[in-house]
Amino acid sequence: MAEKTKIVEVIPYDPAWKKEFIRLRDFLLEITGDLIMAAEHVGSTSVEGLSAKPIIDIDLVMESYEVFPEIVQRLSQYGYVHQGDLGIEGREAFRREQEDGFMKYHLYVCPKDGKGYLEHIALRDYMRLNPAAAREYEEVKLKLADQFRYDIDAYCEGKTEVVHSILRRAGYII
């Protein structure tokens with residue numbers, strides 16, 4: 001039996017994404033709240049009005065890697081598996097092994113000075129304050145989702161240039 005192909009889908013902004021982030025944040029804070037400094041809604045679903053893949057991105061921000069082993073241990077008790085940095089420095093990815101009642105999401109644990117986290121915040125904040133940049137990003141994402149409907153890697157790679165352009169405008173050095 002062939003493996004089901006994942007479809008790259010970018011849909012119009014949904015105000016429910018903000019509510020879902022809050023639900024997810026509150027759940028994760030119950031598990032790790034004393035070990036983290038903040039839980040940030042990042043990625044396209046965090047920019048009001050921006051079309052996005054319907055996947056919440058959440059960064060749990062830690063002071064330093066000193067607390068990371070305890071975070072991994074606590075999250076593992078709730079079925080989360082540490083996946084490493086997936087090639088992005090300063091961003092540790094986690095996957096939940098069982099269905100949990102939340103919409104699809106990506107969970108990252110990041111040090112407060114980690115490159116992955118700082119880029120997430122710079123991109124989000126700039127697009128929130130600059131609707132033209134958000135529209136530019138949206139246009140690229142919609143085009144790529146149509147062009148690479150069955151190739152998430154090509155879709156993600158195709159966004160790199162516009163993301164770097166926006167980060168440079170935001171004053172973030174890449």
Side-chain angles (χ1 to χ4, degrees), residues 6-22 24-25 28 32 36-65 67-68 71 82-95 103-174:
K6 291 183 180 178
I7 297 174
V8 177
E9 179 186 36
V10 175
I11 64 173
Y13 178 80
D14 185 341
W17 294 339
K18 188 182 292 188
K19 293 176 184 151
E20 187 68 1
F21 163 75
I22 291 168
L24 181 58
R25 177 201 66 198
L28 291 167
T32 62
I36 63 166
M37 303 169 56
E40 296 280 356
H41 188 184
V42 295
S44 295
T45 61
S46 70
V47 180
E48 198 167 317
L50 181 61
S51 295
K53 293 190 320 293
I55 303 168
I56 302 292
D57 290 312
I58 183 168
D59 286 354
L60 297 181
V61 186
M62 59 187 169
E63 179 73 33
S64 73
Y65 270 98
V67 295
F68 187 65
I71 292 170
H82 179 219
Q83 299 176 281
D85 68 10
L86 303 179
I88 299 185
E89 174 191 339
R91 185 193 83 175
E92 302 291 335
F94 287 81
R95 178 185 76 246
M103 69 179 276
K104 191 170 180 184
Y105 62 95
H106 295 145
L107 172 60
Y108 304 106
V109 176
C110 311
K112 67 180 181 184
D113 56 356
K115 181 180 188 291
Y117 169 67
L118 295 174
E119 286 181 358
H120 281 167
I121 296 301
L123 186 66
R124 178 199 69 191
D125 290 353
Y126 189 81
M127 287 194 299
R128 282 179 174 176
L129 294 171
N130 296 276
R135 295 290 81 75
E136 174 189 5
Y137 186 45
E138 180 178 64
E139 288 172 16
V140 169
K141 288 166 31 122
L142 289 167
K143 178 180 158 218
L144 291 168
D146 188 49
Q147 183 178 358
F148 298 111
R149 193 147 198 79
Y150 302 102
D151 187 346
I152 188 67
D153 292 332
Y155 167 83
C156 290
E157 188 176 305
K159 296 188 310 177
T160 302
E161 187 177 320
V162 71
V163 167
H164 286 177
S165 171
I166 293 169
L167 285 170
R168 282 190 296 274
R169 282 179 267 159
Y172 186 84
I173 306 303
I174 299 169

To the nearest 0.5 Å, atom CD1 of I58 lies from atom NE2 of H106 at 13.0 Å
Smallest heavy-atom separation, G116 atom then I88 atom, equals CA-CG2, 4.0 Å
Side-chain heavy-atom pair L123, I166 within 4.5 angstrom cut-off:
yes
Got a sec, which residues hit ring pair (Phe, Tyr, Trp, His ring centres under 6.0 Å) with Y13, two or more places apart in sequence or on another chain?
W17
Can you name the residues that form a side-chain hydrogen bond (donor to acceptor under 3.5 Å, both in side chains) with E48, not counting sequence neighbours?
K18
Is there side-chain contact between P111 and Y117, with at least one heavy-atom pair below 4.5 Å?
no
Not counting sequence neighbours, list each pair that qualifies as a salt bridge (charged side-chain N to carboxylate O under 4.0 Å, His left out) and has a residue in residues 82-92.
none
For residues 133-140, please give each side-chain donor-acceptor pair under 3.5 Å, one per line with the distance, not counting sequence neighbours.
from : atom 1 : to   : atom 2 : distance (Å)
R135 : NE     : E138 : OE1    : 3.1
R135 : NH2    : G49  : O      : 3.0
E136 : OE1    : R169 : NH1    : 3.0
E136 : OE1    : R169 : NH2    : 2.8
E136 : OE2    : R169 : NH2    : 3.3
Y137 : OH     : K159 : NZ     : 3.4
E138 : OE2    : S51  : N      : 2.8
E138 : OE2    : S51  : OG     : 2.7

Contacts of F148 that satisfy ring pair (Phe, Tyr, Trp, His ring centres under 6.0 Å) - sequence neighbours left out
none
Going from NZ on K19 to CD1 on I56, what distance comes out if it is rounded to the nearest 0.5 angstrom?
12.5 Å
Checking F94 now: which residues fulfil ring pair (Phe, Tyr, Trp, His ring centres under 6.0 Å) with it, not counting sequence neighbours?
H82
Which heavy atom of A122 sits nearest a heavy atom of A170, and at what distance?
O-CB, 4.1 Å
Rounding to 0.5 Å, atoms CD1 (I71) and CG (L60) come to a distance of 7.0 Å
How would you list, by chain and number, every residue that makes a salt bridge (charged side-chain N to carboxylate O under 4.0 Å, His left out) with K143, sequence neighbours excluded?
none
H120 vs D57 side-chain heavy atoms within contact, under 4.5 Å
no
If you compare all heavy atoms of L144 against all heavy atoms of G158, which two are closest, and at what distance to 0.1 Å?
CD1-C, 3.3 Å
Is there a donor-acceptor pair closer than 3.5 Å between any side-chain N or O of R128 and the backbone N or O of S46?
yes
For R95, give me all partners under salt bridge (charged side-chain N to carboxylate O under 4.0 Å, His left out), at least two apart in sequence or on another chain.
E97
Contacts satisfying salt bridge (charged side-chain N to carboxylate O under 4.0 Å, His left out) that involve residues 36-46 (not counting sequence neighbours) are E40-R124
Identify, with sequence neighbours excluded, every residue that meets side-chain hydrogen bond (donor to acceptor under 3.5 Å, both in side chains) alongside K141.
S44
Let me confirm one number: the CG-CE distance from L167 to M127, rounded to the nearest 0.5 Å.
9.0 Å
Can you check whether V61's main-chain N or O pairs, donor with acceptor, with D59's side chain at less than 3.5 Å?
no
So, using side-chain hydrogen bond (donor to acceptor under 3.5 Å, both in side chains) as the criterion, who are the partners of Y105 when residues are at least two apart?
Y80, D100
F21 meets the ring pair (Phe, Tyr, Trp, His ring centres under 6.0 Å) criterion, sequence neighbours left out, with H41
Separation of D14 CG from E20 CD (nearest 0.5 Å)
10.0 Å
Using 0.5 Å steps for rounding, measure from the SG atom of C110 to the NZ atom of K115.
12.0 Å
Heavy atoms from other residues, nucleotides or ligands near CD of E157 exceed 12 (cutoff 6.0 Å):
no
